[in-house]
Amino acid sequence: MKFYAISKTLSANDLGETGGHQAGILVPKDSKILGYFPTLDSSVKNPRQELSFYEEDDVTKWNFFFIYYNNKFFNGTRNEYRLTWMTKYLRAKNAKVGDIVEFSIIEDGRRYVKIIRENPVDLEDGVIKLSGTWKVINL
DNA sequence: AGCCATGCACCG
DNA sequence: CGGTGCATGGCT
């Protein structure tokens, strides 16, 4: 593996907009997706690993936690992966529901995060601004 | 399988 | 004491 990138479209819950103060997003149990993340020791309860992600500028760094909630095997009901601690990042990036987070990794193991705006709407206080200077000329 | 929701701990 | 995140249960 030299270059790998995965992405996820953000849900309301991922952003903590549903009232549920959720700390992070859910990671689908897809081998391709999980292959991107480090392997966690599933013999332990709720194993986790801190991961560092860089922005495109190669400088700004964010630390997220990749956690496997597996209490199903320890008298619970959970069996899912989560990437927590992202709210600050998402907030800083002004991520909205429907936006896409893209995670990538390069050869030396360095990881990158990036937000891809699904609907590039120019927002300002809820008002949609039209770009350019429109002019209506009545002849 | 994936998203929604909440009780409690922690911290300013 | 309000916001944030963990851990966990619930709902579709």
Side-chain angles (χ1 to χ4, degrees):
Chain A
M1 177 219 297
K2 32 197 173 102
F3 180 79
Y4 211 91
I6 58 175
S7 66
K8 190 215 184 288
T9 73
L10 265 19
S11 69
N13 194 55
D14 292 334
L15 299 169
E17 290 181 354
T18 55
H21 26 222
Q22 187 58 34
I25 71 178
L26 185 143
V27 178
K29 286 204 291 287
D30 182 297
S31 58
K32 284 289 202 313
I33 306 284
L34 294 177
Y36 170 82
F37 294 101
T39 307
L40 296 176
D41 184 3
S42 50
S43 67
V44 197
K45 184 180 177 181
N46 296 354
R48 72 203 55 211
Q49 179 158 340
E50 185 170 8
L51 297 175
S52 296
F53 292 87
Y54 290 85
E55 289 191 22
E56 288 181 292
D57 61 8
D58 247 313
V59 176
T60 316
K61 178 170 133 189
W62 299 89
N63 285 345
F64 303 142
F65 279 90
F66 179 53
I67 306 181
Y68 179 27
Y69 283 105
N70 66 345
N71 70 10
K72 177 172 192 173
F73 311 112
F74 299 87
N75 59 49
T77 60
R78 289 304 95 185
N79 180 26
E80 64 193 35
Y81 294 86
R82 294 265 252 287
L83 192 62
T84 74
W85 256 94
M86 295 193 64
T87 43
K88 277 195 297 295
Y89 168 73
L90 296 173
R91 215 165 269 185
K93 290 297 163 198
N94 224 310
K96 296 285 188 300
V97 175
D99 283 352
I100 298 173
V101 227
E102 182 185 275
F103 300 102
S104 54
I105 186 170
I106 57 176
E107 207 149 5
D108 65 1
R110 178 173 271 227
R111 294 161 197 278
Y112 290 90
V113 228
K114 172 186 192 178
I115 298 286
I116 299 170
R117 212 75 58 178
E118 181 71 2
N119 296 310
V121 181
D122 208 336
L123 285 182
E124 194 171 295
D125 288 330
V127 181
I128 299 176
K129 300 202 307 189
L130 294 175
S131 57
T133 314
W134 281 85
K135 231 177 175 181
V136 177
I137 303 177
N138 285 312
L139 297 179

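These numbers come from a predicted model, not from an experiment. Below, read A as the first sequence line, B as the second, and so on, with proteins coming before strands; counting in each chain starts at 1.
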Do [X] and [Y] touch side chain to side chain, with heavy atoms closer than 4.5 Å?
X: A:K93; Y: A:V101; answer: no
X: A:I6; Y: A:Y4; answer: yes
X: A:R78; Y: A:N46; answer: no

Length of the [atom1]-[atom2] vector between [X] and [N], whole Å:
X: A:M86; N: C:dC6; atom1: CE; atom2: C1'; answer: 17 Å
X: A:F66; N: C:dC6; atom1: CZ; atom2: P; answer: 14 Å
X: A:F73; N: C:dT8; atom1: CZ; atom2: P; answer: 14 Å
X: A:L15; N: C:dG5; atom1: CG; atom2: C1'; answer: 15 Å
X: A:L83; N: C:dA7; atom1: CG; atom2: P; answer: 14 Å

Distance alone, cut at 3.5 Å: any donor-acceptor contact between the side chains of A:N70 and A:Y81?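 No, A:Y81 and A:N70 have no side-chain donor paired with an acceptor closer than 3.5 Å.
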Quick one: do the A:N63 and A:K61 side chains pair a donor with an acceptor below 3.5 Å? no
Please check if [X] and [Y] belong to a single hydrophobic cluster, counting links between Ile, Leu, Val, Met, Phe, Trp and Tyr side chain heavy atoms closer than 4.5 Å.
X: A:V59; Y: A:W62; value: no
X: A:L51; Y: A:V44; value: no
X: A:L15; Y: A:L83; value: yes
X: A:L26; Y: A:Y89; value: no

N/O contacts under 3.5 Å, protein versus nucleotides 1-3 of chain B?
residue, atom, partner, partner atom, Å
B:dG2, OP2, A:K29, N, 3.3
B:dC3, N4, A:E80, OE1, 3.3

Please figure out whether A:N75 or A:F65 has its closest DNA chain C nucleotide nearer the 5' end.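 It is A:F65 whose nearest nucleotide is closer to the 5' end.
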Using a cut-off of less than 4.0 Å, is there contact between a side-chain N or O of [X] and OP1 or OP2 of [N]?
X: A:T77; N: C:dG9; result: yes
X: A:N71; N: C:dT8; result: yes
X: A:N46; N: C:dT8; result: yes
X: A:Y69; N: C:dA7; result: yes
X: A:K45; N: C:dT8; result: yes
X: A:R48; N: C:dA7; result: yes

Pick out the pairs of N or O atoms, protein on one side and nucleotides 1-4 of chain C on the other, that lie under 3.5 Å.
residue, atom, partner, partner atom, Å
C:dT4, OP1, A:R91, NH1, 2.6

